[in-house]
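Numbering starts at 1 and runs along the sequence shown. A quick note: this is a predicted structure, and the numbers were derived from the prediction, not measured.
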Amino acid sequence: MIDITINITDRDGKKHQVSAPTDMAMNLMEVVRSYELAPEGTIGVCGGMAMCASCQCYVLSNTELPEMSDDEEAMLSEAFDVKVNSRLGCQIQMTPDLNGLEVQLAPEC
């Protein structure tokens with residue numbers, strides 16, 4: 001089992017350094033939920049299907065992420081508070097390559 005370190009700034013501006021397993025097929029949204037870094041019912045509303053943008057985050061580090069899928073790109077094109085570094089947390093799978101990833105949760109929609 002390989003755990004990685006992810007740095008997450010919550011919606012109140014508080015920074016959290018969390019450990020995320022890479023062997024459980026978790027995505028960033030699920031990590032945020034497991035650490036309760038956003039109030040229940042405000043993140044991952046669609047269950048991780050890239051259909052709601054409630055898990056939108058801003059990538060602050062230079063960590064190389066997988067390319068954005070068409071579904072993710074379409075959802076972000078309709079979301080609020082989108083920036084050039086916006087991604088959907090549900091579409092970022094935890095892999096060893098993401099060690100040191102730094103993100104900030106986007107404001108609640």
Pairs of donor and acceptor atoms involving the side chains of residues 93-109, under 3.5 Å and at least two apart or interchain, shall be tabulated with distances.
residue	atom	partner	partner atom	Å
Asn99	OD1	Thr5	N	2.8

Review point. Between the main-chain N or O of Met29 and the side-chain N or O of Asn27, is there a donor-acceptor pair closer than 3.5 Å?
Key: yes
Review point. Applying side-chain hydrogen bond (donor to acceptor under 3.5 Å, both in side chains), which residue pairs with at least one partner in residues 54-68 are found, sequence neighbours left out?
Key: Gln56-Ser86, Ser61-Thr63
Point to revise | Donor-acceptor contact present, side-chain Tyr35 to main-chain Ser19, <3.5 Å | key: yes
Point to revise | Verify same cluster id: Leu65, Ile4 (apolar side-chain graph, 4.5 Å) | key: yes
Practice item. Quick one: pull up CD in Gln91 and CE in Met75 and give me the separation to the nearest 0.5 Å. Key: 11.5 Å
Practice item. Could you point out which residue of Thr9, Asn7, Asp10 forms a side chain to side chain donor-acceptor pair (under 3.5 Å) with His16? Key: Asp10
Exercise for review: Look up atom CD in Glu73 and atom CG in Leu88, then write down how far apart they are to the nearest 0.5 Å.
Suggested key: 11.0 Å
Exercise for review: Enter the distance from Thr42:OG1 to Arg11:CZ here, rounded to the nearest 0.5 Å.
Suggested key: 4.5 Å
Review point. In the hydrophobic clustering that connects Ile, Leu, Val, Met, Phe, Trp and Tyr at side-chain heavy-atom distances below 4.5 Å, which members other than Met49 occupy its cluster, ordered by chain and number?
Key: Met51
Review point. What's the spacing between Cys55 SG and Ile92 CD1 if we round to 0.5 Å?
Key: 8.0 Å
Exercise for review: Please report the closest heavy-atom contact between Arg33 and Gly44, naming both atoms and the distance.
Suggested key: NH1-O, 3.6 Å
Practice item. Would you indicate whether Ile2, at its atom CD1, is surrounded by more than 12 heavy atoms from other residues, nucleotides or ligands within a distance under 6.0 Å? Key: no
**Study point:** Within one Ile-Leu-Val-Met-Phe-Trp-Tyr cluster: Met26 and Ile8, side-chain cutoff 4.5 Å
**Key:** yes
Review point. In Å and rounded to the nearest 0.5 Å, what is the CD1 to SG distance from Ile43 to Cys57?
Key: 8.0 Å
Check your understanding: Of all heavy-atom pairs between Cys90 and Gly48, which one has the smallest distance, and what is that distance?
Key -> CB-CA, 3.5 Å
Check your understanding: Can you hop from Val82 to Met68 via hydrophobic side chains spaced under 4.5 Å?
Key -> yes
Practice item. Step through the shown structure and confirm whether more than 12 heavy atoms of other residues, nucleotides or ligands are within 6.0 Å of CG on Asp70. Key: no
Check your understanding: Is there a chain of hydrophobic side chains (I, L, V, M, F, W, Y, each step under 4.5 Å between heavy atoms) that links Met24 to Leu28?
Key -> yes
